[in-house]
Trainee: 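Before anything else, here's the structure in question.
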Amino acid sequence: MERAPTLEFFDAPQPFLDAAGDLLAADPVLGSVIASVSQRTARELADGYDSWAEVDAPFQRWWAAVRDPEERVVSAAMRTAPFRPHPTFSLPMSDEAARALAAALHQRGELLGGANGALPGAAALARASAELVGGEVVADKETRLWEARSVAVPPAPEGRLRQATEDDAELVLSWFRDFHAEADEQAGRRPDPASGEHNTLESVLVRIREGVEWLWELPDGTLAHLTGCGLPSYGVARIGPVFTPREHRGRGIASYVVGELTRRGLEAGHRMCLFTDRANPTSNKIYAGLGYEPTVDMAEHVVLVRDRPQPSVGGGGGGGSSPGGRCP
């Protein structure tokens, strides 16, 4: 009888990357979330900083490699989300692997409150986890991963694009938090006022020091827009968050900034990707117009358990990039 897939758990990012690196490199767009989060965490730890210490989660974060009977790593998952209910994020995996992961977490006494990532494996993991605790699954949000191999940059509006500095940190933090609530509103969902609380001044400063947050400054010095563009992982850089305050929308700022950062990334030899909320037709249309093409659909799931507080999945495992919308 053929052996079932096996799981190998890691409590630190670098040993996981050493084990799963070939898998992540084989399809670096699909693996961009796991790769970028793992590499960012590895950089943090190397610098003597551990943001997980501030999360106050009821479990230790982990990474997992799924191995086939020949011991090849064929899928991966992680539970590193700093927002409640701390959902997993997974690459495509078989139903058998998803059930094995759910069983392993249940055996560890770890209640899985949400499962994000590639379909249908993320949905199978959520269902199997719910069955083990007598709960039910609610699909919280459908997302789509896009890639641009070429880009049509629209005309620049008035103003200039510049990197955020440490002096901008408080504003960037406030926009990160506004971003989540307004994304829900744009997609027709009731905003969760707590969905951006996992962002902290220290986490924002880390991103600013890495040079991954960009601002649009109007001619009078007013800051009117924020776009993130992460450091490349296995040759792939991901755009997000993308946020324009209400009073500055309708000027084409978001379209230009995303297009320009995409152009710079492509010219530097990187592959460029981003996430959108499938319920937001505006952002999907904008990015398609820039040259982004859909690659895979993903979803976020909440595992509901009777007599237990039920938080929203919140900021998403992959993040989104709508002009007023969702981020990692």
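We count residues from 1, following the sequence as given. No experiment lies behind these values; they were computed from the predicted model shown.
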Trainee: One pair to check against side-chain contact (heavy atoms from CB on, under 4.5 Å): Leu91 and Leu24. What are the steps and the verdict?
Mentor: CA-CA 9 Å; Leu91 295 181; Leu24 297 172; 4.0 Å; yes
Trainee: Between Val29 and Val37, is there shared hydrophobic-cluster membership here, with clusters defined by ILVMFWY side-chain heavy atoms closer than 4.5 Å?
Mentor: yes
Trainee: Could you check if a side-chain atom of Leu30 sits within less than 4.5 angstrom of a side-chain atom of Pro92, using non-hydrogen atoms only?
Mentor: yes
Trainee: Does a sphere of radius 6.0 Å around CG in Asp56 hold more than 12 heavy atoms from other residues, nucleotides or ligands, not counting ones at 6.0 Å or beyond?
Mentor: no
Trainee: Using distance alone, with no hydrogens and no angle criterion, decide if Thr80 and Trp52 have a side-chain donor and acceptor under 3.5 Å apart.
Mentor: no
Trainee: For the residue pair Arg249 and Trp216, would you count it as a cation-pi contact if the rule is NZ or CZ under 6.0 angstrom from the ring centre and within 45 degrees of the ring axis?
Mentor: no
Trainee: Do Phe16 and Leu23 belong together in a cluster built from hydrophobic side chains that touch within less than 4.5 Å?
Mentor: yes
Trainee: Please report the closest heavy-atom contact between Gly114 and Pro85, naming both atoms and the distance.
Mentor: N-CG, 4.1 Å
Trainee: Contact between Leu274 and Val242 at the side-chain level, heavy atoms closer than 4.5 Å - yes or no?
Mentor: no
Trainee: Honestly curious: do Phe243 and Leu205 fall in one hydrophobic cluster under the side-chain, below-4.5 Å linking rule?
Mentor: yes
Trainee: Taking all atoms of both residues into account, what is the closest heavy-atom pair of Arg177 and Thr200, and its distance?
Mentor: NH2-CA, 4.4 Å
Trainee: Side-chain contact test, heavy atoms from C-beta onward, threshold under 4.5 Å: evaluate it for Pro5 versus Glu96 and give yes or no.
Mentor: yes
Trainee: Counting heavy atoms not belonging to Gln60, are there more than 12 under 6.0 Å from its CD?
Mentor: no
Trainee: From Gln163 CD over to Thr165 OG1, what is the distance, rounded to the nearest 0.5 angstrom?
Mentor: 10.0 Å
Trainee: Assess Arg79 against Phe59: is NZ or CZ under 6.0 Å from the centre of the six-membered ring, and within 45 degrees of the ring's axis?
Mentor: yes
Trainee: Compute whether any side-chain donor of one residue and acceptor of the other, for Arg238 and Ser36, lie under 3.5 angstrom apart.
Mentor: yes
Trainee: Here's a test for you: under side chain to side chain donor-acceptor pair (under 3.5 Å), which of Thr41, Asp50, Asp11 qualifies with Arg61?
Mentor: Asp50
Trainee: Supply the atom-to-atom distance Arg278 CZ to Ser283 OG, rounded to the nearest 0.5 angstrom.
Mentor: 12.0 Å
Trainee: Assess whether a salt bridge exists between Arg162 and Asp168, defined as any Lys/Arg side-chain N lying under 4.0 Å from an Asp/Glu carboxylate O.
Mentor: yes
Trainee: Locate the shortest heavy-atom distance separating Ile253 from Ala224; write the atom from each residue and the value.
Mentor: CD1-CB, 4.1 Å
Trainee: Starting at CG of Asn116, measure out to CE of Met78 and round the result to the nearest 0.5 Å.
Mentor: 9.5 Å
Trainee: So does Arg149 pair up with Glu293, basic N to acidic O under 4.0 Å?
Mentor: no
Trainee: State, to 0.1 Å, how close Ala65 and Phe10 come at their nearest heavy-atom pair, and which atoms those are.
Mentor: CB-CE1, 4.1 Å
Trainee: For the residue pair Ser51 and Glu202, confirm or rule out a side-chain donor-acceptor distance under 3.5 Å.
Mentor: no
Trainee: Within the side chain of His86, is there an N or O that forms a donor-acceptor pair under 3.5 Å with the backbone of Ala81?
Mentor: yes
Trainee: Can you confirm whether the side chains of Ser38 and Trp63 place a donor and an acceptor under 3.5 Å from each other?
Mentor: yes
Trainee: Enter the distance from Ser32:OG to Met272:CE here, rounded to the nearest 0.5 Å.
Mentor: 10.5 Å
Trainee: Going from OH on Tyr256 to OG1 on Thr227, what distance comes out if it is rounded to the nearest 0.5 angstrom?
Mentor: 12.0 Å
Trainee: After noting the C-alpha distance and the side-chain angles of Ser174 and Leu171, does the key distance pass the side-chain contact (heavy atoms from CB on, under 4.5 Å) rule?
Mentor: CA-CA 5 Å; Ser174 69; Leu171 177 65; 3.9 Å; yes
Trainee: Do Thr295 and Glu147 have side-chain atoms, one donor and one acceptor, less than 3.5 Å apart?
Mentor: no
Trainee: How far apart are the C-alpha atoms of Glu131 and Arg127, what are their side-chain angles, what is the distance that settles it, and do they pass the salt bridge (Lys or Arg N to Asp or Glu O under 4.0 Å) test?
Mentor: CA-CA 6 Å; Glu131 290 169 1; Arg127 287 195 302 270; 5.6 Å; no
Trainee: Carefully, step by step, assess Val133 and His106 under the rule side-chain contact (heavy atoms from CB on, under 4.5 Å).
Mentor: CA-CA 8 Å; Val133 294; His106 184 67; 4.0 Å; yes
Trainee: Taking 4.0 angstrom as the limit, do Glu210 and Arg207 come out as a salt bridge?
Mentor: no
Trainee: In terms of hydrophobic clustering (I, L, V, M, F, W, Y; side-chain heavy atoms under 4.5 Å; direct or indirect links), are Val66 and Trp62 co-clustered?
Mentor: yes
Trainee: State yes or no: do Val236 and Val212 share one hydrophobic cluster built from I, L, V, M, F, W and Y residues joined by side-chain heavy-atom distances below 4.5 Å, directly or via other members?
Mentor: no
Trainee: Could you tell me whether Glu247 atom CD has more than 12 heavy atoms of other residues or ligands within 6.0 Å of it?
Mentor: yes
Trainee: Where is the tightest heavy-atom contact between Val73 and Ala19, given as atom of each residue plus distance?
Mentor: CG2-O, 3.5 Å
Trainee: Looking at side-chain heavy atoms only, is the closest gap between Asp297 and Glu142 below 4.5 Å?
Mentor: no
Trainee: Out of curiosity, Thr262 OG1 to Leu290 CG, how far, rounded to the nearest 0.5 Å?
Mentor: 6.5 Å
Trainee: For the backbone of Thr222 and the side chain of Asp220, can you confirm whether one donor and one acceptor N or O come within less than 3.5 Å of each other?
Mentor: yes
Trainee: Given side chains that start at C-beta, do those of Leu261 and Leu161 come closer than 4.5 Å, heavy atoms only?
Mentor: yes
Trainee: Can you name the nearest heavy-atom pair linking Thr88 to Ala115, along with the distance?
Mentor: OG1-CA, 3.4 Å
Trainee: Is there a side-chain contact between Asp178 and Trp175 in this structure, where contact means two heavy atoms from C-beta onward sitting under 4.5 Å apart?
Mentor: yes
Trainee: One thing to verify: whether Arg264 and Glu260 come together as a salt bridge, which I'm taking to mean a side-chain N less than 4.0 angstrom from a carboxylate O.
Mentor: yes
Trainee: Verify, without hydrogens or angle tests, whether Asn284 (side chain) and Asp277 (backbone) share a donor-acceptor contact under 3.5 angstrom.
Mentor: yes
Trainee: Got His225 and Leu218 here, is their nearest side-chain heavy-atom distance under 4.5 Å?
Mentor: no
Trainee: Are any non-hydrogen side-chain atoms of His270 and Leu266 less than 4.5 angstrom apart?
Mentor: no
Trainee: Assess whether atom CD of Glu54 is packed by more than 12 heavy atoms of other residues, nucleotides or ligands within 6.0 Å.
Mentor: yes
Trainee: Against the six-membered ring of Phe9, is Arg108 placed for a cation-pi contact (under 6.0 Å from the centre, within 45° of the normal)?
Mentor: yes
